[in-house]
Each structure stands twice: as C-alpha cells, then as structure tokens.
Amino acid sequence: LQRAAMYEPVPADGSVPSTPEASTHVQRSHDEEGRQDMCCKGRFKTLAKMPTSIAFISGNEFCERFSYYGFRAILVIYFSRFLSWDDNQSNIMFNLFNMFNYLMSAFGGALADSPIGKYPIIVWFSVIYAAGNIVMAFTAIPGVTGTPPESWGCIIGLMLVALGTGGIKPCVSAFGGDQLDQSDKKLMRTYFALYYFIINAGSISMLITPMLRARVACFGQSECYPLAFGLPAVLMVIAILLFVAGRPRYHMVKPTRNVVVDTFKAVYLAIKLRYLRWRAGTEGGPSWLDYAAKDYGHEFVADIKVLKRLLIVFLPTPLFWTLYDQQGSRWTLQAEKMKMFSIGALGEFQPDMMQSCNTVLLLLMIPTFQKIIYPFFARIGLPATPLRRMGVGMILCAFAFIMSGFVQIAVDSKPSIPEAVMGTSMIRFINAYNSSVILNGTALSTMSLPVGIITEYTLIDSGPFATEVFSGALKTDVAFAAASTVLYSVYAVVTTNGVLGTVVLQDDYTAYAENGNSGYFQLFNSNPNASASIIGDGGDFSLQAGPLAGTGFTGDSLLSGPQDLTINVDGVAKATSSLSVVGGAQYTAVIAGDKLFVHQDTAGNEVTVLWQVPQYVVVTMGEILFSITGYEFAYTEAPDSMKAVMQACWLLTTAFGSAIIIVITAIFQFESDATALFVFGTMLVVVFVLFLIVTRGYKCREKREEEEADVAGTDMDTDPLLSRRSEVSLGSPASAASASSSV
C-alpha cells in the first residue's frame with residue numbers, strides 16, 4: 001500500500017498529492033529545477049557547465065592550498081634546522097601534524113551536516129587557520145621564543161593550523177558539489193577533477209616558500225623562516241575574502257537535522273532493540289539496523305546502511321596515505337642527502353622543492369587521464385570503475401616506494417666518512433705552522449709537510465701514540481693515548497711563545513649534517529693571539545674562531561656551488577679564497593697567519609636528486625587514480641543527507657595513515673632508510689589484497705539505483721493494483737476519479 005501511494009493519480013485540479021512521500025518528491029523536483037536554472041544562468045562555457053559560484057569556491061581553494069602546501073613544504077627543514085630536532089623527531093612531528101589535520105575533518109564534517117550548515121563552518125575555521133599561520137610566522141623570528149628557539153610557538157601555530165584546515169577540508173569540496181545538478185554524473189566527475197586540479201595548482205607554493213627560506217636573509221639569519229611562513233598567512237587571508245565575496249551566488253543546502261548525532265542515536269537504538277529481541281528469543285529482521293526504522297524512518301536507516309558499506313570499503317585505504325604522505329618527510333630527508341643542481345639566477349635547487357615535482361606532474365597528468373586514458377579503457381571494454389582505479393592507484397604507490405628504496409641504497413653507498421674499527425684509531429696531520437715540518441715516529445713513516453698541507457687519515461693501533469715534529473732546529477713531541485675507533489687531527493702550530501708546538505683534536509663527523517644543497521665547514525684558527533673568521537655567500541655565511549688559546553672547532557653549512565671566502569683576522573679583511581663547494585661534503589678549513597687552507601674530508605653527495613623523478617611520476621599516477629577517485633566516490637556514493645560527513649570519513653583515512661607512520665616509526669628501528677622504504681611498499685601490496693576482498697561484490701550507487709528501478713518496474717507489471725493505478729493515472733480526470741472511488 002505504501003508503494004501504491006506513490007502512484008496516486010494527480011487530482012483534476014492539479015494540486016499536489018498530500019502523501020509525505022509524494023510531497024517530498026515534488027519538493028526535490030522543484031529544488032533540482034531551481035538549481036538547474038541557476039546553473040544555466042551562471043555557467044562558464046569553458047568549464048563544462050559550471051555555475052559562477054564554483055569560481056569563488058575554486059579561488060578560495062587555490063589560495064588555501066597555496067597557503068597549506070607552502071607552509072607544509074618547509075616544516076621538516078624548519079624542525080631540523082631552526083628547532084634543531086633530529087630526523088626521527090622531525091618525522092614524527094610532521095606526521096602528527098598531518099594526522100591532526102585530518103582528524104579535525106571529522107569535527108568539521110559533523111558540524112557542516114548539522115543545522116549550522118557548511119558556509120558558516122568554512123568561514124569560522126578559515127579564520128582560525130589564518131591565525132595559526134600568523135603565529136607560525138611571528139614565532140619564527142629569532143629570539144621571540146628564546147635563544148635557542150623553544151618549540152612552544154611552533155606547537156601553538158601547528159595546533160591552530162591543524163584545527164582550521166581540518167575543519168574546512170570536508171566542507172569545501174562538498175559545498176562545491178552542492179552547487180551542481182546531482183543527476184549529471186559527467187559534470188560531477190569533471191567538478192572533482194577540476195577541484196583536484198585547483199588543489200595542485202595551489203601547491204605550486206612548494207617551489208616558492210623553500211626558495212624564500214633559503215635565498216632571503218632576515219633578522220641576522222641566513223634563512224628567512226618568518227617570510228616563508230608569512231606568505232602562506234597572506235594567502236589564507238585572501239582565501240577568506242574570496243569565499244565571503246561569493247556568498248550571494250551560493251546555493252545553500254542546510255540540513256534540518258544533526259546527521260551525526262542522529263546516526264549515533266539510531267545505531268545505539270538498533271543495537272539495544274536487537275539485544276532485547278535476542279534476549280526474548282525472537283528472530284530479527286533482514287538487518288539489525290532496521291530496528292531503528294520506526295523512530296528514525298526507513299529512508300534515514302537506509303542512509304546509515306550505505307554509510308556502513310562505505311566505511312567497510314575505506315578500511316584498507318589508510319595505508320595508501322601512510323606511504324603517500326612520506327613525500328614530505330622521508331622522501332625530503334632522502335633528497336637532503338642527494339646532489340643538488342643549479343636553477344640559474346634562482347640559485348641552487350633546494351631539497352624541499354622536490355615535492356613540487358608531484359604538483360607539476362599532477363597538473364600535466366590530470367587532463368591526460370580524463371581525456372585519454374579513461375576513455376581508452378572504456379573503448380576496449382575495461383571501464384575504469386572507481387574501485388578499479390583506487391586499487392591500481394594503491395599498487396602504483398607501493399611500486400613507487402620500492403623504487404625509492406633502490407634510490408636510497410644508491411645514496412647510502414656513496415663514499416662514507418672516515419671510520420676506524422674496534423681496536424684501532426685514525427690520525428692525520430695538518431701543518432698550520434709558518435714553514436715546512438717533518439714528522440718522524442715509530443708508528444708513521446717519515447714525511448715532510450709544506451705549509452697548509454692536510455694529510456689523509458692513517459690507521460693506527462689504539463693505545464699509546466708518539467711521534468716527533470721538526471722544523472729546522474726546532475722540535476716538539478706528540479704523545480697521547482689513542483682511544484679505540486676515534487679519529488684525531490694533529491696540528492703543527494705557532495705557540496703563544498712564537499715557537500713550534502702541536503694541538504691534538506678529536507674529529508666527530510657524525511655530528512655534521514649531510515645536506516644535499518650545502519657543504520659543512522669546520523674551522524680551526526692557528527693564530528696564537530688573534531681571532532679570525534671566514535665570510536662567504538654574500539655575508540650570509542660567517543664562521544668565527546678564537547685564537548689558539550681557545551683551541552677547538554667551529555662549524556656551519558655553506559651553500560654548494562662557487563663561493564668566495566674572505567679571511568678576516570681581528571676584524572681586518574686579509575685575503576679572498578675561491579672554491580667550489582660540493583653539496584653534502586665536509587671540509588676542514590685552517591687559518592694560518594692571513595692564509596686559508598681548505599681540505600675536503602668526504603666525497604659529498606654523488607647521486608643527483610633527479611633520480612627521485614621516476615618515483616614521483618609513479619606515485620603521482622597512483623594519486624590520480626586513488627585520491628581524485630576517492631573524493632568523487634565518497635561524494636557520489638554518500639546519501640544526500642551525509643555528503644560532508646562522508647567527505648570527512650574519507651579524509652579520516654589520511655589521519656589514520658599518518659597515525660600508522662607515527663606508530664611504526666616509534667616502535668620499529670629499521671636497519672636503514674632503504675629497509676624502511678621496502679617494508680612500507682610491501683605492506684601496501686598486502687593491503688591491496690585486503691582491499692580486493694572487502695570490495696568484492698560492492699555495487700556502486702548508480703548500479704543499485706538501476707536495479708531498484710528494474711525491480712519497481714517488475715512490481716508494477718505483476719501487481720494488479722499498481723498496474724491498474726498506472727492505467728488510471730494516464731486516463732481522463734473522470735476515469736481517474738471513478739477508479740479512485742472504486743478502489
């Protein structure tokens with residue numbers, strides 16, 4: 001009888017049927033017609049029938065993504081260089097930030113699908129987002145949080161940004177989808193492809209903020225983090241203004257109920273009633289959720305069933321994000337140990353710029369997939385269904401990580417720092433005296449060293465070591481106990497008394513950074529009564545050392561490439577020395593009198609960062625297949641009442657992916673970075689098999705609706721009542737009234 005009510009003949013006066021189902025149906029029809037009229041009047045011809053409101057949403061999304069990716073690109077470098085955190089700590093904090101971004105999307109999605117609506121939520125959380133950017137820029141000014149800088153300012157800024165970006169993430173894409181005709185599947189697919197294109201156009205900032213960080217000096221520092229964080233803050237303010245400016249053109253879809261709260265209530269009620277039925281020994285219905293239908297309606301319970309099916313499909317997907325998001329951490333740290341290259345007037349390519357490779361490839365590949373690849377597979381009888389695309393995307397991402405593992409093996413196999421095995425030590429001699437010296441001892445063969453010569457390391461047995469150093473008639477003895485596995489440098493110097501002497505120092509190369517875009521210099525000043533320094537990179541690099549009385553090293557990094565180093569003694573410029581700095585190499589610089597002697601101690605990074613390009617190509621293909629499809633799948637498959645909630649659930653898979661990274665990094669200590677990359681890649685292959693199992697037999701919404709329509713048609717053909725009503729509805733008003741009376 002309920003089905004029959006849907007076929008109630010239209011009254012002769014043309015009034016709307018009074019049944020709730022019919023009334024709702026007519027109201028939806030009017031809404032869709034109004035939306036179509038709106039779309040037709042405000043289309044951009046070149047953007048596949050998109051309404052003008054999409055232009056404001058797209059502009060907002062571009063600026064917001066420019067802000068987010070520009071901010072995110074420099075985080076790991078900021079942690080490791082400005083806050084002096086180690087690689088492990090930086091990796092964990094980066095992924096914690098990622099995780100909270102996406103965890104907050106559940107909060108934003110829940111509020112957006114409440115009576116508050118999507119528009120106010122986007123505006124409110126955007127303001128919080130901009131405040132977080134401003135805090136990050138301000139606290140990156142040296143001295144604001146103390147010297148050395150403390151992390152409290154960074155943590156406050158990260159929390160605000162995570163709250164803001166997480167709050168708007170599920171809302172903007174769903175809000176854009178609300179502007180479109182929901183029945184136009186092709187338009188919907190085009191919108192989500194455009195939306196993802198805009199996201200990645202904004203991520204071009206991953207090239208800009210690292211350049212601002214590295215090439216601009218500010219506040220007495222060679223790197224300018226306040227400017228690099230300040231630009232994203234400006235873009236976020238522009239994003240807010242653009243979004244608010246489009247308000248008169250937006251089609252607002254305001255939920256009449258709090259979907260998230262009602263969902264939890266309905267599930268609780270269904271479980272409670274099912275338990276009571278089980279205690280009473282009575283049989284249940286087709287689904288345990290049906291017990292909530294009496295209180296919440298069959299339609300809403302059907303929506304919850306769809307939500308349940310989608311969540312099961314999403315179960316294996318977090319591991320894709322576990323791998324994908326390591327572009328900003330593990331892959332960036334890999335790039336730091338590789339050889340950089342020049343980009344002309346812009347200087348040296350920076351390790352954190354490599355993430356922009358993903359952006360450029362996405363902008364090129366998205367149209368290629370939409371116009372060529374997907375249509376090609378459809379023509380050969382292999383339509384690229386959403387679940388097929390997502391599965392292939394997972395496999396490609398796994399393959400990209402296995403490729404990066406082989407790249408890491410090549411990076412790790414470069415000539416390493418000098419190393420002594422247990423029971424031995426290593427020693428080298430440096431002549432910082434004012435004339436040639438001769439070494440003579442039992443452990444070493446006799447050798448003559450001109451001024452400024454730095455020998456290679458020689459392996460010796462640990463224990464007592466002694467040798468003699470001669471210069472003309474002058475002689476000094478070197479005697480010390482060589483500790484096992486320790487590296488030593490013996491300097492021949494002029495003492496404060498003006499005679500020949502020696503200084504013995506331990507070398508610790510493990511303390512030096514292996515940055516792909518800079519060389520690390522340790523400076524020793526052999527002048528007995530004068531301070532000295534070397535200045536380079538246009539004044540951004542300055543390394544000072546006290547007189548011989550304050551014996552020891554000072555160290556700092558200098559950008560790779562041609563450099564002119566000026567030697568200052570007691571503040572007076574004495575000479576300039578030119579050299580080409582090798583990225584990742586480590587140097588010993590010795591000032592003797594007014595001369596500078598430089599020795600390259602390690603070979604530096606020989607594997608070019610361009611070897612990362614193939615893995616970026618493969619992971620980008622995987623992202624297009626998996627991520628864009630996931631956005632579209634989560635929106636089109638979601639019930640109309642749960643669009644933002646479903647987008648939030650999709651984004652939560654990213655949060656869980658970041659949580660997996662944190663847990664694995666904290667618990668497991670991999671023998672090498674290459675091992676970690678291989679393990680992650682293999683894990684995703686295993687999860688892909690699980691994905692095939694859980695999605696087996698899943699029917700997409702379009703397929704389900706076609707089958708339901710076929711069933712409804714069959715019911716009309718076989719049910720005399722429905723068949724008779726159909727005939728009546730097509731007849732004259734008089735016959736309709738007669739038939740209604742007879743029924």
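Index from 1, following the sequence. Computed from a predicted model, the values in this text were never measured in an experiment. Note: hydrogens, waters and symmetry copies are ignored here, and every other heavy atom, side chains too, is used.
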When rounded to the nearest 0.5 Å, the distance separating OG1 of Thr588 from CG of Asp601 is 3.5 Å
If you apply the rule side chain to side chain contact (heavy atoms under 4.5 Å, CB included), what do you find for Thr359 with Tyr69, and how did you get there? CA-CA 10 Å; Thr359 299; Tyr69 283 112; over 6 Å; no
Residues at least two apart in sequence or cross-chain that pass ring-ring contact (aromatic ring centres under 6.0 Å, His included) with Phe341, listed by chain then number, are Phe349
Problem set entry | Residues Leu677, Gln334; criterion side chain to side chain contact (heavy atoms under 4.5 Å, CB included); working and verdict | CA-CA 11 Å; Leu677 293 165; Gln334 182 186 72; 3.9 Å; yes
Next on the checklist: Is it the case that atom CZ in Phe470 sees more than 12 heavy atoms from other parts of the structure closer than 6.0 Å?
Outcome noted: yes
Nearest heavy-atom contact between Gly405 and Phe678 is C-CZ, 3.6 Å
Checklist entry - Any side-chain heavy atom of Gln89 sitting closer than 4.5 Å to one from Ile92? => result no
For Ser531, does its backbone N or O pair with a side-chain atom of Asp570 as donor and acceptor, under 3.5 Å? yes
Practice problem: Verify the neighbour count for atom CE of Met159: are there more than 12 heavy atoms of other residues, nucleotides or ligands below 6.0 Å? | Solution: no
d(Leu474 CG, Leu500 CG) to nearest 0.5 Å is 6.0 Å
- Main-chain N/O of Met206 paired to Thr209 side chain as donor or acceptor, under 3.5 Å: no
Note: Gln615 and Gln612 closest approach over all heavy atoms is CG-O, 2.9 Å
message = Donor-acceptor pair, distance only, cut-off 3.5 Å: does the side chain of Asn431 make one with the backbone of Pro450?
response = yes
d(Leu75 CG, Met93 CE) to nearest 0.5 Å is 10.0 Å
When rounded to the nearest 0.5 Å, the distance separating CD of Gln408 from CG of Asp412 is 4.5 Å
**Prompt:** Do the side-chain N and O atoms of Ser578 and Asp564 include a donor-acceptor pair separated by under 3.5 angstrom?
**Reply:** yes
Q) Going by heavy atoms in the side chains, are Ile664 and Phe670 under 4.5 Å from each other? A) yes
Discussion item. Taking the side chain as everything from C-beta on, heavy atoms only, tell me whether Val161 gets closer than 4.5 Å to Arg72.
Written reply: no
- Mark yes when over 12 heavy atoms from residues, nucleotides or ligands other than Phe97 sit less than 6.0 Å from its CZ; otherwise mark no. yes
Q.
Side chains of Thr495 and Thr476, heavy atoms from C-beta outward: is any pair under 4.5 Å?
A. no
Applying side-chain contact (heavy atoms from CB on, under 4.5 Å) to Ser448 and not counting sequence neighbours gives Ile438
Review point. Going through the checks in order, is the ring pair (Phe, Tyr, Trp, His ring centres under 6.0 Å) test met by Tyr488 and Phe480?
Key: CA-CA 11 Å; Tyr488 295 93; Phe480 65 94; 4.9 Å; yes
Are the side chains of Met422 and Thr485 in contact, using a 4.5 Å heavy-atom criterion? yes
The reported gap from OG1 in Thr458 to CE in Met426 (rounded to nearest 0.5 angstrom) is 7.0 Å
_Side-chain (Thr455) to main-chain (Phe429) donor-acceptor, under 3.5 angstrom_ = yes
CA sep, side-chain torsions, deciding dist, call: Tyr433, Leu449, side chain to side chain contact (heavy atoms under 4.5 Å, CB included): CA-CA 10 Å; Tyr433 191 59; Leu449 300 180; over 6 Å; no
| message | Using side-chain heavy atoms (C-beta onward) and a distance below 4.5 Å, is Met403 in contact with Pro614? | response | yes
Those residues at least two apart in sequence (or on a different chain) that pass ring-ring contact (aromatic ring centres under 6.0 Å, His included) with Tyr587 are Phe521
What one should report as the nearest heavy-atom pair of Asn95 and Ser329 is ND2-OG, 4.0 Å
Handout entry: Side-chain heavy-atom pair Val679, Phe668 within 4.5 angstrom cut-off
Key = no
On a heavy-atom basis, the closest approach of Val685 and Ala398 is CG2-CB, 3.8 Å
Check: Do Asp477 side-chain atoms and Glu468 backbone N/O form a donor-acceptor pair below 3.5 Å?
Finding: no
Taking every heavy atom of Asp594 against every heavy atom of Ala575, the minimum-distance pair comes out as O-CB, 4.0 Å
| Are Ser80 and Ser90 linked by a side-chain donor-acceptor pair shorter than 3.5 Å? | no
Counting only N and O atoms by type, is there a donor-acceptor contact under 3.5 Å from the side chain of Asn358 to the main-chain atoms of Tyr616?
no
Does any donor atom in the side chain of Ser489 or Arg428 lie under 3.5 Å from an acceptor atom in the other side chain? yes
- Query: Does a side-chain heavy-atom distance below 4.5 Å link His599 with Ile453?
  - Reply: no
Donor-acceptor contact below 3.5 Å, side chain Thr576 vs main chain Thr566: no
Separation between CG (Leu319) and CE (Met683), nearest 0.5 Å, reads 5.0 Å
Sequence neighbours excluded, the answer for side-chain contact (heavy atoms from CB on, under 4.5 Å) partners of Ser526 is Ala432, Val493, Phe524, Ala592
query = For Thr322, does its backbone N or O pair with a side-chain atom of Gln326 as donor and acceptor, under 3.5 Å?
reply = yes
For Thr145 and Thr139, what are the C-alpha separation, side-chain angles and deciding distance, and is it a side chain to side chain donor-acceptor pair (under 3.5 Å)? CA-CA 6 Å; Thr145 61; Thr139 57; over 6 Å; no
* To do: Look at the side chain of Thr602 and the backbone N and O of Gln586, then say whether any donor-acceptor pair between them is shorter than 3.5 Å.
  => yes
All heavy atoms of Ile409 vs all of Ala674, minimum pair found to be CG1-CB, 3.7 Å
Ser672 versus Thr675, side-chain donor and acceptor atoms under 3.5 Å = yes
Side chain to side chain contact (heavy atoms under 4.5 Å, CB included) with Pro226: of Val144, Ile141, Val216, Leu212, only one passes, and it is Ile141
ring-ring contact (aromatic ring centres under 6.0 Å, His included) filter on Phe401, not counting sequence neighbours, yields Trp331
Exercise. Could you go step by step and tell me if Glu336 and Val76 meet the side chain to side chain contact (heavy atoms under 4.5 Å, CB included) rule?
Worked result: CA-CA 11 Å; Glu336 266 206 307; Val76 170; 6.0 Å; no
With sequence neighbours left out, the residues meeting ring-ring contact (aromatic ring centres under 6.0 Å, His included) with Trp85 are Phe79
The ring-ring contact (aromatic ring centres under 6.0 Å, His included) partner of Phe71 among Tyr78, Tyr225, Phe229 is Phe229
(Q) Can a donor-acceptor pair be found, under 3.5 Å and without considering hydrogens, that links the side chain of Ser658 to the backbone of Leu96? (A) no
